[in-house]
Amino acid sequence: METCIINSPLGFTKIIGDKDGITQVTVLNSEEKETDIIPDELEDCAIQLQEYFEGSRTKFDLKLNPQCTEFQKLIWTLLEEIPYGKTVSYLQLSKRLGDVKAIRAVANANGKNPLWIIVPCHRVIGSDGSLTGYAGGLHRKQWLLEHESPYKQQSLF
């Protein structure tokens with residue numbers, strides 16, 4: 001496995017993967033040293049993340065290889081279907097799965113997503129529109145949703 005650390009507007013980000021794909025993208029809550037030379041296997045991921053933060057990328061095109069259960073893989077596939085700039089609720093995801101009673105299992109799988117931003121778990125909100133749970137912190141979830149919003153808030157002063 002190869003590892004690199006890049007900087008983003010939301011903090012240092014660790015990317016892990018190999019020739020079989022990206023296994024993990026995680027935002028860190030500490031200052032880290034950026035990787036001087038990004039391994040070839042991770043370079044495309046680092047570039048696409050940079051493009052996302054610059055606003056020129058709305059969809060990722062990467063070979064992914066997360067270590068997960070079949071149920072998690074199913075939920076993460078549903079997450080990848082959420083369009084850029086849109087949100088869905090945990091209940092809506094459960095309905096897409098075909099089992100409204102699976103809402104807690106869906107939320108749990110969502111919370112275990114190891115591919116920060118790439119698999120857009122930040123686009124899942126509470127049924128009442130609230131920003132519920134986010135492993136990267138609610139301030140980052142809010143930033144990501146505002147970043148993707150087609151309606152940009154302008155300063156009055």
Side-chain angles (χ1 to χ4, degrees), residues 1-69 72-90 92-93 96-97 106-126 129-155:
M1 281 293 161
E2 300 286 346
T3 301
C4 74
I5 307 258
I6 62 170
N7 200 357
S8 81
L10 294 175
F12 289 94
T13 302
K14 181 188 283 188
I15 303 170
I16 301 173
D18 59 20
K19 64 177 177 45
D20 295 324
I22 303 299
T23 59
Q24 189 174 354
V25 176
T26 310
V27 64
L28 306 173
N29 289 318
S30 61
E31 295 263 336
E32 300 287 334
K33 183 181 181 307
E34 281 186 79
T35 303
D36 292 327
I37 299 173
I38 297 175
D40 290 343
E41 297 87 348
L42 309 179
E43 188 173 18
D44 200 29
C45 183
I47 290 168
Q48 288 189 35
L49 283 167
Q50 182 178 355
E51 291 169 345
Y52 169 84
F53 283 115
E54 290 171 349
S56 62
R57 177 170 291 278
T58 60
K59 190 164 178 64
F60 292 93
D61 182 24
L62 297 165
K63 184 177 180 183
L64 304 177
N65 188 24
Q67 306 305 303
C68 59
T69 66
Q72 289 169 332
K73 188 180 291 186
L74 176 62
I75 298 306
W76 299 340
T77 299
L78 292 175
L79 294 175
E80 289 179 298
E81 294 172 1
I82 304 169
Y84 181 92
K86 303 289 184 188
T87 58
V88 301
S89 70
Y90 292 101
Q92 287 171 309
L93 274 180
R96 287 183 188 172
L97 182 64
V106 167
N108 188 35
N110 189 56
K112 292 189 172 159
N113 170 21
L115 296 163
W116 182 60
I117 300 176
I118 310 284
V119 174
C121 58
H122 61 278
R123 296 179 188 152
V124 182
I125 59 174
S130 63
L131 299 182
T132 57
Y134 188 63
L138 290 180
H139 67 289
R140 288 187 179 113
K141 183 173 188 166
Q142 182 174 356
W143 189 98
L144 291 166
L145 293 175
E146 288 172 0
H147 175 70
E148 294 182 3
S149 174
Y151 309 104
K152 303 296 182 199
Q153 178 68 36
Q154 295 184 0
S155 174

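The distance from the CH2 atom of W116 to the CG atom of L49 is 7.5 Å, given to the nearest 0.5 Å. Rounded to the nearest 0.5 Å, atoms OH (Y90) and CG (L97) are 14.5 Å apart. Distance check, rounded to the nearest 0.5 Å: NZ of K73 to CG of L64 gives 10.5 Å. Expressed to the nearest 0.5 Å, how far CZ of R96 lies from CG of L78 amounts to 7.5 Å. Here OG1 of T3 is found 11.0 Å from CD of E41. Values are rounded to the nearest 0.5 Å.
At least one side-chain heavy atom of L79 sits less than 4.5 Å from a side-chain heavy atom of L93. Two residues are said to be in side-chain contact when any heavy atoms from C-beta on lie closer than 4.5 Å; E51 and F60 fail this criterion.
Side-chain atoms of W76 come within 3.5 Å of backbone atoms of A109 as a donor-acceptor pair (strictly under, hydrogens ignored). At distances below 3.5 Å, at least one donor-acceptor pair connects side-chain atoms of R140 with backbone N or O atoms of L10. A donor-acceptor pair under 3.5 Å is absent between the side-chain atoms of T35 and the main chain of I38, judged by distance alone. Q67 places a side-chain N or O within 3.5 Å of a backbone atom of N65 that can act as its donor or acceptor partner. Distance alone, capped at 3.5 Å, is enough to place a donor-acceptor pair between the K141 side chain and the V124 backbone.
The two residues V27 and G136 come nearest to each other via the heavy atoms CG1-CA, 4.1 Å. Taking every heavy atom of both residues into account, T26 and Q24 meet most closely at OG1-NE2, 2.9 Å. The heavy-atom pair separating L145 from T87 by the smallest distance is CD2-CG2, 3.7 Å. In terms of heavy atoms, C45 sits closest to I118 at SG-CD1, 4.2 Å. Heavy-atom minimum distance, L42 versus C4: CD1-N, 3.7 Å. Scanning both residues, Q48 and L62, for their nearest heavy atoms gives NE2-CD2, 3.4 Å.
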Please output the side-chain donor-acceptor pairs of residues 12-23 that fall under 3.5 Å, not counting sequence neighbours, one pair per line with the distance.
| residue | atom | partner | partner atom | Å |
| --- | --- | --- | --- | --- |
| T13 | OG1 | G11 | O | 3.4 |
| D18 | OD1 | D20 | N | 2.8 |
| T23 | OG1 | I16 | O | 3.2 |

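Using cut-offs of 30° and 60° on the angle between ring planes, the pair H122 and Y52 is perpendicular.
The residue from R57, R123, K59, K86 that alone fulfils the salt bridge (charged side-chain N to carboxylate O under 4.0 Å, His left out) condition with E148 is R123.
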What verdict does the side chain to side chain contact (heavy atoms under 4.5 Å, CB included) test give for L144 and Y134, after you've listed the backbone C-alpha separation in whole Å, the side-chain angles of each residue and the deciding distance to 0.1 Å?
CA-CA 11 Å; L144 291 166; Y134 188 63; 3.3 Å; yes

Please determine whether side chain to side chain contact (heavy atoms under 4.5 Å, CB included) holds for the pair E43 and D40, giving the CA-CA distance in whole Å, both sets of side-chain angles, and the decisive distance to 0.1 Å.
CA-CA 5 Å; E43 188 173 18; D40 290 343; 4.2 Å; yes

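With a 6.0 Å radius and a threshold of 12 heavy atoms from other residues, nucleotides or ligands, E54 has its CD atom above the threshold.
Under the 6.0 Å cut-off for aromatic ring centres, H139 and W143 do not qualify, their centroids lying 6.0 Å or more apart.
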